[in-house]
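Quick note on labels: first sequence line is chain A, next is B, and so on, each numbered from 1.
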2 protein chains.
Amino acid sequence: MNKREFKDRVYERVALVGKALASPKRVELIELLAQTERTVEWLALATGMSLANTSQHLQVLRGAQLVESRKEGLYVHYRLASPAVGALHAAVRDVAAERDAEIDRLVRSYFGDRSGLDAVDMSELVERAERGEVVVIDVRPPEEFAAAHVVGARSVPLSILDEVVATLPRDRTVVAYCRGPFCVLADEAVKRLREAGLRAVRLHGGLPEWRAAGLPVASDAA
Amino acid sequence: MNKREFKDRVYERVALVGKALASPKRVELIELLAQTERTVEWLALATGMSLANTSQHLQVLRGAQLVESRKEGLYVHYRLASPAVGALHAAVRDVAAERDAEIDRLVRSYFGDRSGLDAVDMSELVERAERGEVVVIDVRPPEEFAAAHVVGARSVPLSILDEVVATLPRDRTVVAYCRGPFCVLADEAVKRLREAGLRAVRLHGGLPEWRAAGLPVASDAA
DNA sequence: CCACCATTCAATCGAGTTCTTGATTACTCG
DNA sequence: CGAGTAATCAAGAACTCGATTGAATGGTGG
């Protein structure tokens with residue numbers, strides 16, 4: 001095998017990973033799976049695709065070795081093949097967000113001006129948590145919290161936020177996090193907490209970013 | 001704009017980056033540009049593509065904001081749009097290498113069994129360099145060395161290696177590095193140095209990985 | 001200002017992708 | 001065993017992508 005042939009074959013394989021990330025729907029599937037494993041049906045519902053189409057995309061991802069599946073009774077559960085895949089997805093998304101002005105424009109027009117709710121970054125949160133200055137809440141759905149969450153965080157899904165507000169401290173800052181930078185849950189939580197008179201900020205990034213940064217994650221026993 | 005529409009549009013833009021990485025030839029172009037900027041003609045020659053085809057791929061990359069170009073006289077020079085792009089490429093390549101057994105097979109069959117030449121990783125090199133135990137040589141072509149190299153490394157292109165062997169210390173280990181994990185230059189250098197009776201190992205990864213790790217890089221003034 | 005050269009553009013063809021629809025498989029539960 | 005359900009498979013229509021060819025552009029140097 002000569003050099004040219006070797007390179008062609010290796011780059012061909014590397015490009016398979018790129019191909020897997022080349023479809024918007026597959027990117028979305030990976031982002032969802034970065035939270036926790038899911039069934040095909042759930043993913044189809046969440047992405048608005050037909051079942052068959054969802055299944056097809058998942059098989060492309062499996063072909064690229066980015067996801068794995070496990071059958072349990074009637075349901076097939078898909079999950080990321082390794083945490084490195086989540087980190088890769090975040091890297092692609094971050095490069096896109098950094099370089100592509102159109103994404104910036106879209107985020108602004110959808111989230112409104114986010115500048116009011118200043119976000120805290122992960123290293124800052126770690127420091128302030130050590131000093132006991134903050135309370136961390138996870139506003140994702142309970143099953144995502146159960147699969148993995150920031151150590152010390154309390155599960156407060158948006159649906160029960162209003163009932164829980166009274167139990168949150170008014171003398172400390174509440175830091176809310178959710179799925180990632182394009183997830184609105186934390187913004188919504190911060191907005192509501194502020195309306196209730198608490199000090200609240202969102203965390204830059206969500207659970208996948210936290211995990212990718214190598215910071216400690218806990219999960220509930222099944 | 002509703003949530004579904006927002007997601008579709010954002011993922012669409014993110015997938016553009018994936019698309020850019022979805023062709024073997026474009027992956028190769030990015031890897032080459034991770035070393036230093038190049039003209040279209042040089043890239044066409046290096047990849048074995050026609051000029052028009054090379055130009056077309058470069059424009060796809062520019063469309064995804066991964067590369068930039070600059071015209072100087074007759075020649076157009078392309079370069080990565082940001083170091084983050086090099087890091088992204090490395091991340092994609094590493095995930096591919098980790099998950100895809102076929103790549104492992106290809107590397108083995110092309111490099112032969114590499115296990116004889118134990119490689120040193122970057123943090124280990126930094127330690128041993130501080131203790132003065134090693135000499136670092138850069139075996140890439142001189143223009144790539146000029147564009148960026150490991151601080152303290154000496155430029156020893158393979159073409160002049162044999163003449164330079166006599167000037168390398170026999171009481172310290174020589175660490176050779178080149179373009180990256182799929183580059184054969186460092187292996188070849190290590191092999192020849194060992195035949196000459198020196199202690200030699202290669203560095204895990206090449207210059208782009210070194211830079212991506214945030215380790216110090218120097219460049220010659222133009 | 002003309003000949004030349006690096007690069008890009010435009011048009012084309014074959015190959016590959018995406019999504020849909022309807023059939024099929026594999027498993028569970030009554 | 002047989003009805004019901006989650007998921008996959010198979011095949012086709014519309015679309016996109018990749019490489020080639022030949023022409024066009026824009027800058028250089030005689």
Side-chain angles (χ1 to χ4, degrees), chain A residues 4-5 7-9 11-30 32-33 37-64 66-79 143, chain B residues 4-5 7-9 11-30 32-33 37-79:
Chain A
R4 186 70 255 154
E5 195 185 344
K7 283 192 169 183
D8 284 347
R9 292 209 207 167
Y11 291 126
E12 168 106 31
R13 305 299 297 193
V14 174
L16 288 182
V17 173
K19 281 202 175 73
L21 298 168
S23 147
K25 295 300 190 184
R26 286 196 291 268
V27 171
E28 186 171 5
L29 288 171
I30 290 180
L32 290 167
L33 292 173
E37 68 169 28
R38 295 288 189 185
T39 66
V40 181
E41 193 177 25
W42 190 97
L43 291 166
L45 199 69
T47 57
M49 287 189 285
S50 73
L51 210 78
N53 197 17
T54 306
S55 172
Q56 213 164 290
H57 278 302
L58 286 167
Q59 276 164 79
V60 172
L61 290 174
R62 187 164 51 195
L66 299 185
V67 307
E68 293 169 345
S69 65
R70 143 182 99 77
K71 189 156 189 178
E72 187 183 309
L74 279 179
Y75 294 85
V76 176
H77 297 254
Y78 278 83
R79 63 172 173 280
E143 70 264 31
Chain B
R4 185 70 256 152
E5 196 185 343
K7 284 193 170 184
D8 283 347
R9 293 211 207 164
Y11 290 127
E12 168 106 31
R13 305 299 297 192
V14 174
L16 288 182
V17 174
K19 281 201 175 72
L21 297 168
S23 147
K25 296 300 191 183
R26 287 197 291 268
V27 171
E28 185 170 5
L29 288 171
I30 290 179
L32 291 166
L33 291 173
E37 68 169 27
R38 296 289 190 183
T39 66
V40 181
E41 194 178 25
W42 190 96
L43 291 166
L45 199 69
T47 57
M49 286 189 285
S50 72
L51 241 141
N53 198 16
T54 305
S55 173
Q56 210 164 290
H57 278 302
L58 286 168
Q59 278 165 77
V60 172
L61 290 173
R62 186 165 50 194
Q65 311 264 72
L66 300 186
V67 307
E68 292 170 346
S69 64
R70 146 182 95 79
K71 188 155 189 179
E72 187 182 309
L74 280 178
Y75 296 85
V76 176
H77 297 253
Y78 278 86
R79 63 173 174 280

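Taking atom CZ of A:R38 as the reference point, atom P of D:dA6 lies 17 Å away to the nearest angstrom. Here the P atom of nucleotide D:dC17 and the NZ atom of B:K19 are 6 Å apart, to the nearest Å. Atom C1' of nucleotide C:dC5 and atom CG of B:L45 are separated by 16 Å, given to the nearest angstrom. Residue B:L74 contributes atom CG, which lies 14 Å from atom C1' of D:dG30 at whole-angstrom precision. Note: CG (A:L51) to P (D:dC9) measures 13 Å, nearest angstrom. For the pair B:E28 CD and D:dG18 P, the computed distance is 15 Å after rounding to whole Å. Computed from coordinates, the B:L58 CG to C:dA6 P distance equals 16 Å when rounded to whole Å. Atom CZ in A:R70 sits about 15 Å away from atom P in C:dC27, given to the nearest Å.
Nearest to the side-chain atoms of A:Y75 among the listed nucleotides C:dT7, C:dA11, D:dA6 stands D:dA6. The side chain of A:H57 lies closest to C:dC19, out of C:dC19, C:dT8, D:dT8. Across D:dG22, C:dT7, D:dG27, the shortest atom-to-atom separation from the side chain of B:A52 is found for D:dG22. Which of C:dT18, D:dC17, D:dA7 sits closest to the side chain of A:T39 comes down to D:dA7. With distances taken from any side-chain atom of A:Q56 to the nucleotides D:dA7, C:dC19, C:dA11, the minimum falls on C:dC19. You'll find that the side chain of B:K25 is closest to D:dA19, out of D:dA19, D:dT28, C:dT7.
The main-chain N or O of A:D8 is never found under 3.5 Å from a side-chain atom of A:R13 such that the two would form a donor-acceptor pair. Under a 3.5 Å cut-off, the side chain of A:S55 and the backbone N or O of A:L51 do not form any donor-acceptor pair.
Judged by atom type and distance alone, A:E41 does not reach the base of D:dA7 through any side-chain donor-acceptor pair under 3.5 Å.
With salt bridges taken as basic N to acidic carboxylate O contacts below 4.0 Å, none links A:E28 and A:R38. Ionic pairing of B:R70 and B:E72 is present here: one or more N-O contacts between side-chain nitrogen and carboxylate oxygen are shorter than 4.0 angstrom.
Within the 4.0 Å cut-off from OP1 or OP2 of C:dT8, at least one side-chain nitrogen or oxygen of B:Y78 is found.
Using a 4.0 Å heavy-atom distance criterion, B:Q59 is classed as a sugar-phosphate-only contact. Using a 4.0 Å heavy-atom criterion, one finds that B:S23 contacts the sugar-phosphate atoms exclusively.
Positionally, the nearest nucleotide of DNA chain C for B:N53 lies more toward the 5' end than for the other of B:N53 and A:G73. DNA chain C is contacted by both A:K71 and A:S50; A:S50 maps to the nucleotide lying nearer its 5′ end (nearest heavy atom per residue).
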